[in-house]
Amino acid sequence: MPLEHENIIEINNISKEFPGVKALDCVSFAIRKGEVHAIIGENGAGKSTIIKILMGVHTKTSGEILMEGKPVDFKSPLHAEKHGLGAVYQDINLAKDLSIAENFYMGQLPKTKFGLVDFKTMYEETKKTLESINVHVNPKAVINELSVAQQEMVAIGKILHLKAKLIIFDEPTALLTNEEIEELFKIIQMLKEKNVGIIYITHRIDEIFRISDRVTVMKDGIKVRTVNTDETNENDLITMMVGRNTEHMYEIEQPEHGETVLKVKDLCRGKAFRNINFEVKRGEIFGLFGLIGSGRTEIVKCIFGADKKESGDIYINGQKTEINNPEEAIKNGMALIPENRKDEGLALGLSIIVNTNMVAINKVSSYGIINDRKSNEQTTKLVEMLKTKTPSIHQLVKNLSGGNQQKVVISKWLAQESDIFIFDEPTVGIDVGAKQEIYKIFGELLSRGKSIIVISSYLPEVMGLSNRMLVMYEGRQMAILDKSEFDDKKVLKLASGIS
Amino acid sequence: MDSAVKEKKERNKISVFSNGMKTELFLIIVLSLLAVFFAVTSDVFFTLSNLKTLTRQASIYGVIAIGMVVVITSSGIDLSVGSVTGLSGVVAALLMVNGISIPVSIIIAIITGMFIGLINGVLVYDGKVPAFIATMGTMTVVRAVIMLLTNASMISKLPEEFKAIAQIEVLNIPFLFVVWLVVIALAWFMTSKTVFGRNVYAVGSNREAARLSGINIRKTTYGVYIFSGLACSIAGILLASRLGNGVPTAGAGYELDAIAAAVVGGASLDGGAGSIVGTVLGSMIMATLRQGGVLLGVNSFILEIVIGSLIVGAVLLDKLRR
């Protein structure tokens, strides 16, 4: 093996057991210096577990990790960082109330000769690092004031600042727009040239072919194979991962569309969005597409009564309806499956049964007293119907994988028998297998005469699923397109403000 | 059996044991150990009269702690409990010495306590004042109101029938303890079987998810603080009866014991986790320590060191086990 391909990290026969679950079973692979090593696998395949063991979040049950040939055993993320490992997690890990510079220097603030914090050096160095990855923001800016994409870039900057030798990206593009993804890929390319090793975890297979050198496929805690990216193709990878073909993934049978169930007229809310007009018919999937920050989430939150509208009207089944809070939206048959299931969709520390009955509690209770038998039956029925993988309905939701958590969110609304389902980024951070199951649920909903509004930043998904699509740009409604007019270039142009 | 497999089985056993051991079981063990220790070291600990004294004292703290754990589960906190306890005792006493009948006085005192709870709820939900600050404010204000109402002096000459509440027994069980049991049973039913109880957990676990699920956060917030006010005013009446007077300083400092009982019992100050049974056990452990310490003639400062360490130690152990 040539010298420049020396391994930065070698993972040898790593196993990890949690009570009752074997999360990893004798997994081995190595990351070379200057390579982008993708790891793919369905939820529960063991990708996150490997990362957490590498970063010292979990301790391994057996096996060894070699860093540049020497055995290491990191006890904490801080310990791992000191040895040159860094990770950019899906849910960005920054102190949101502090400035970028303070985040960069967290735990190691530079001092002046008087022992005070040396802000000057901090700001200068932070600025340099940020500029090296083409991020032009003030290092004094507080994280909370930045967009999600900027926050992610800052998180990457922080790791660069720590001079990491191995960087782990966990679903880095999940919240980014296409342009931002290009920026990210440039940064990754630059890191490669600096001989940094990169682990790249993703659910988007197209990305693997764009930037990775090798791919390791995981399944059920076991490594399936490590292959050179240029010696494989999309179908092979998917077959290794799940053993099924995904060509017709988005094809959902849509029944004949009925009458208009939801009509939004001249809806406005401050700077978030202005003059939004659209209609959704019974049995149709209506897409809402726009880049992050274009106002799509804000629109649905407003329709759902979670945010106050400024002006405009909402008609449900032809009736003008005032919706002032989520309770009223729910009474009018609306359901919201929010973008961020951990923050807005689930009570993670509570069980499946409690979460499932959170909305439709009145259906399993009388006079405010819960009927345990009914609530059990309801939950069991939905767990079976949605094929939620869990040992018990009393399992805490935080112990489920992303796809199964999403099913629990959906089950709340199925229990309520809502009519208009609003899905905000329903498949973020969910693997191919679970995605297909979610789409199947879409089909099931339509066949029962429900209507669906779907928001996604993944264009093939919105185009594939929806019947009509509203395209947003900076709070403005650019166009409503019919399925026959769908064209990715056209949609992206509209979403970038070019009409 | 192959040794590797055997080793694995052993490990599983240990992990199952440590995960399966509930906070409640752990507390029962602690309580039993304490009881055995005091039974061995003191002749009087296991006498009927001592146990009656112990349960009388534990009951008053215990009722307040039940209210507190419900508030904590909703991810709030109620620092006004001690003051509300004092207020309801004083209100009942004032009414009675002015010739109002005992039942009416008690009802008015309870309504007063619930009203303070409602004020807390309004401050926290509508005013968006952090619960810690809001209830610290009511704690101070209510205590001052008590002082103004009573001119900072004791209200004595309460009717004998009222004083009897703390003294009477049902089948040899102190009535105070019976009241506590009823409050426990109601609270257990409320938290585990009613929609309101579920909502308390949901709001405490994830407020935004609860809101987007159509749960009325306002009602839930009002509900928990009113419930806490109710519990405190019941405790306040029992305490006034036990003291035989309306004492202006009654209940001062009780908030810390109530929080301690809830937290020792497994409640998380982050909300979403809290156990009625655990809180009851927490209250009993603290009462046993206090009473046992007194019997053994332990220096009261040393006793406070033990209790303080126990509070932190119990939570620490619980965190380590998880």
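Every chain is numbered from 1 and lettered A, B, ... according to where its sequence line falls, protein lines coming before strand lines. The analysis underlying the following values was restricted to heavy atoms, covering all of them including side chains, and did not include hydrogens, waters or symmetry mates.
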- Message: Using a 6.0 Å cut-off, check whether atom CZ of Arg207(B) has over 12 heavy atoms from anything other than its own residue.
- Response: no
- Task: Look at atom NZ of Lys96(A) and say whether more than 12 heavy atoms of other residues, nucleotides or ligands are closer to it than 6.0 Å.
- Result: yes
Flag side-chain contact, heavy atom, 4.5 Å: [X] against [Y]:
{"X": "Phe304(A)", "Y": "Leu212(B)", "answer": "yes"}
{"X": "Asp343(A)", "Y": "Glu208(B)", "answer": "no"}
{"X": "Ile370(A)", "Y": "Val195(B)", "answer": "yes"}

- Task: Identify which part of Leu346(A) has an atom lying under 4.5 Å from any heavy atom of chain B, answering side chain, backbone, both or neither.
- Result: backbone
- Query: How long is the span from the OG atom in Ser205(B) to the NZ atom in Lys398(A), to the nearest 0.5 Å?
  - Reply: 8.5 Å
- With a 4.5 angstrom heavy-atom cut-off, which part of Arg198(B) approaches chain A: side chain, backbone, both or neither? side chain
- Query: Do you know which of Val203(B), Asn199(B), Asn206(B) has the most heavy-atom pairs under 4.5 Å to chain A?
  - Reply: Asn206(B)
- Taking every non-hydrogen atom, the tightest pair across Gly345(A) and Ala209(B): C-CB, 3.8 Å
- Query: Which heavy atom of Met358(A) sits nearest a heavy atom of Ser213(B), and at what distance?
  - Reply: SD-OG, 3.7 Å
- Are Asp372(A) and Lys193(B) close enough, and set up right, to give a side chain to side chain contact (heavy atoms under 4.5 Å, CB included), and what steps lead you there? CA-CA 8 Å; Asp372(A) 284 337; Lys193(B) 299 286 172 197; 2.2 Å; yes
- Under 3.5 Å: donor-acceptor pair, side chain of Arg211(B), backbone of Ala306(A): yes
